[in-house]
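Have a look at the structure below, then the notes.
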Amino acid sequence: MGRAFVYVILGGGVAAGYAALEFARRGGYSRGELCIISEETVAPYERPALSKGYLLPEGAARLPGFHTCVGANDELLTTKWYKEQGIELVLGTKVISADVRRKTLFTGTGETISYKTLIIATGARALKLQEFGIQGSDALNICYLRNIDDADKLVNVMKSCPGGNAVVIGGGYIGMECAAALVTNKIKVTMVFPEKHCMGRLFTPKIAEYYENYYASKGVTFVKGTVLTSFEKDTTGKVTAVILKDGRHLRADMVVVGIGIRANTSLFEGQLVISMENGGIKVNGQLQTSDSSVYAVGDVAAFPIKLFDGDVRRLEHVDSARRTARHAVASILEPSKTRDIDYLPFFYSRVFTLSWQFYGDNVGQAVHFGDFTSSSPRFGAYWVNKGHIAGAFLEGGSRDEYEAISVAVWRKAKVTNMAELEKQGLAFAIQE
Ligand code: FAD
């Protein structure tokens with residue numbers, strides 16, 4: 001069985017949804033020429049909602065409410081929208097192999113799908129404990145969070161142990177956002193991670209201290225500098241305790257694991273250039289891979305960041321997925337008019353009533369500013385590299401303040417006096 005399309009978007013996540021919107025806006029295809037193939041059974045949705053609105057005890061977000069592209073205050077792309085636009089959704093379908101030379105994909109259902117141009121938007125998968133040699137990590141009450149099925153399992157497990165104990169493994173944003181959601185659902189949380197503080201890849205110790213104290217005030221316990229080694233289970237296979245390397249046993253009615261992700265590149269290994277440094281499919285400024293008919297976008301793509309002197313990065317953030325997807329479609333449909341992408345890396349998170357944004361790169365010396373003591377805080381940090389602002393973080397800012405720090409990073413604002421920068425704080429960016 002075989003089908004042929006002009007354009008195939010492989011993957012049905014955030015990037016796929018924004019690519020579809022861009023195709024529809026530009027109108028560069030005819031009915032039946034464009035399809036999205038996705039392992040998921042629903043049309044593309046805003047994945048960040050899964051660790052936020054989706055886990056609320058009341059008034060939780062549910063589809064179709066958070067299909068793309070509501071996250072960017074754009075159209076809500078429901079299944080009906082795709083139909084109206086003549087974009088075929090091939091859902092619940094996993095591509096199990098790809099032949100780039102023959103421009104063909106092979107699905108788990110035995111179908112062959114060929115393309116003239118392919119956009120790879122396969123995103124990333126959550127790392128599993130099994131990959132670190134932890135046995136029995138497929139238990140009924142161990143949860144990961146990457147897709148809607150994972151989120152449904154998490155909601156069901158939470159509901160099965162009201163007032164119970166959860167152990168959250170990992171101190172990154174998935175761990176932090178899930179811990180906050182669990183607390184909101186009245187579950188007692190212990191967070192375990194090997195680093196010295198939470199959000200180790202981004203936060204400075206001072207920023208982390210604020211959030212850890214805030215979480216502690218909500219009843220969260222932190223166990224840092226150690227890892228789990230095994231589980232204790234009951235006769236039904238449910239985890240009852242988590243055993244740590246330092247010998248501690250933590251009682252657990254449920255476990256949530258957020259220990260990082262890996263880009264879904266395996267279909268293309270040996271066929272396209274993969275970045276050794278960050279494990280993404282390497283693309284140029286047009287999001288084009290080493291094969292000129294294949295593009296890669298979102299979490300799976302490693303693309304050059306002009307702002308970082310062309311350094312090739314693989315970003316795991318929703319804004320990057322949205323923008324790379326739209327840029328790739330522009331490159332495909334109007335190559336002569338589309339310049340190389342010029343992207344300012346941006347990442348945000350929301351937990352409890354807190355909310356922060358980060359722009360740029362956290363390299364160089366960090367300079368903190370603002371009020372780190374209030375329960376409705378407004379504080380942040382600049383990272384200064386070689387005399388210029390390289391990155392900026394702000395908690396509790398207004399729209400204009402976030403805009404101001406983003407511009408300071410974008411313009412690589414010059415810093416002549418670090419003490420003065422610290423004194424000026426947010427005003428430095430606002431005056432820029
Ligand atoms: P994805 O959205 O992961 O989509 C990949 C798609 O490809 C999926 O549909 C998958 O099923 C499909 N696929 C993969 N392989 C195959 C195959 N072989 N065959 C068929 N289909 C396949 N970022 C932020 O900046 N801020 C946040 O607050 C934030 N919160 C998040 C919360 C959660 C719970 C998660 C999981 C992520 C969050 N992110 C956040 C990150 C953001 O969601 C990702 O950067 C974004 O989803 C990447 O989009 P993508 O399209 O590249 O990949």
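Only heavy atoms go into these numbers, but all of them, side chains included; no hydrogens, no water, no symmetry mates. Both ligands and their constituent atoms are indexed starting at 1 by order of listing. For the single chain, residues carry numbers from 1 onward in sequence order.
- Shown in contact with G298 at under 4.0 Å from a heavy atom are these atoms of ligand 1, numbered in order with element: 52 (O).
- Counting heavy atoms closer than 4.0 Å to ligand 1, residue T93 contributes backbone atoms (N, CA, C, O) but none from C-beta onward.
- Side-chain N/O atoms of Y210 and E395 include no donor and acceptor closer than 3.5 Å.
- A cation-pi geometry, defined here as NZ or CZ lying under 6.0 Å from the six-membered ring centre and within 45° of its normal, does not hold between R314 and F303.
- In terms of protein heavy-atom proximity, atom 1 (P) of ligand 1 is nearest to R47 NE, 3.3 Å.
- Applying the salt bridge (charged side-chain N to carboxylate O under 4.0 Å, His left out) rule to pairs touching residues 216-226 yields E212-K224, sequence neighbours excluded.
- Of all atoms in ligand 1, numbered sequentially from 1 with element shown, those under 4.0 Å from a heavy atom of F347 are 23 (N), 24 (C), 25 (O), 26 (N).
- Protein heavy atom at the shortest distance from atom 19 (N) of ligand 1 is V95 N, 2.9 Å.
- Nearest to atom 45 (O) of ligand 1 among the protein's heavy atoms is D299 OD1, 2.7 Å.
- Evaluated by nearest non-hydrogen atom to atom 33 (C) of ligand 1, the leading choice among I174, L10, L145, L50 is I174.
- Ionic pairing of K80 and E84 is present here: one or more N-O contacts between side-chain nitrogen and carboxylate oxygen are shorter than 4.0 angstrom.
- Atoms of ligand 1 lying under 4.0 Å from any heavy atom of K52, numbered from 1 in the order shown and given with element: 27 (C), 28 (O), 29 (C), 30 (N).
- Side-chain polar atoms of E40 and S38 form no donor-acceptor pair below 3.5 angstrom.
- Considering both main-chain and side-chain atoms, A16 never comes within under 3.5 Å of ligand 1 through any nitrogen or oxygen pair.
- The protein atom (non-hydrogen) at minimum distance from atom 3 (O) of ligand 1 is R146 NH2, 2.6 Å.
- Atoms of ligand 1 lying under 4.0 Å from at least one heavy atom of G12, given by number and element, are 6 (C), 7 (O), 8 (C), 9 (O), 12 (C).
- Each of the atoms 41 (C), 45 (O) of ligand 1 lies under 4.0 Å from some heavy atom of E316.
- Heavy-atom proximity to L267, at under 4.0 Å, picks out these atoms of ligand 1: 18 (N).
- With sequence neighbours excluded, the residues that form a side-chain contact (heavy atoms from CB on, under 4.5 Å) with Q365 are M418.
- By the criterion of a heavy-atom distance under 4.0 Å, the side chain of A321, and not its backbone, is placed next to ligand 1.
- Between F222 and Y215, the angle of the ring planes lies from 30° to 60°, which puts this pair in the tilted group.
- Looking from atom 14 (C) of ligand 1 to the surrounding protein, the closest heavy atom is T122 O, 3.2 Å.
- Contact annotation for R350 and ligand 1: no heavy atom of the residue comes within less than 4.0 Å of the ligand.
- Using a 4.0 angstrom heavy-atom cutoff, E177 counts as in contact with ligand 1.
- Using a cut-off of 4.0 Å between Lys/Arg side-chain N and Asp/Glu carboxylate O, D74 and R25 are scored as salt-bridged.
- Ring pair F393/W356 is tilted by interplanar angle, where 30° to 60° counts as tilted.
- Taking 4.0 Å as the cut-off between side-chain N and carboxylate O, E46 and R322 count as a salt-bridged pair.
- The ring of Y115 has its center no closer than 6.0 angstrom to the ring center of F5.
- Counting heavy atoms under 4.0 Å from ligand 1, residue Y173 touches it through the side chain alone.
- Counting protein heavy atoms only, atom 53 (O) of ligand 1 is closest to G123 CA, 3.2 Å.
- The salt bridge (Lys or Arg N to Asp or Glu O under 4.0 Å) with R125 is formed by just one residue from the set E316, E39, E131; it is E131.
- Between R47 and D299, no side-chain nitrogen of the basic residue sits less than 4.0 Å from a carboxylate oxygen of the acidic one, so the salt-bridge criterion is not met.
- For atom 21 (N) of ligand 1, the nearest protein heavy atom (residue, atom name, distance) is E39 N, 3.0 Å.
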* From CA spacing to verdict: side-chain hydrogen bond (donor to acceptor under 3.5 Å, both in side chains), E334, T338 -> CA-CA 6 Å; E334 293 191 277; T338 309; 5.8 Å; no
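- No heavy atom of R125 sits closer than 4.0 Å to any atom of ligand 1.
- Residue, atom and distance of the protein heavy atom nearest to atom 10 (C) of ligand 1 are E40 OE2, 4.1 Å.
- For ligand 1 and A121, the ligand atoms under 4.0 Å from any heavy atom of the residue are 5 (C), 6 (C), 7 (O).
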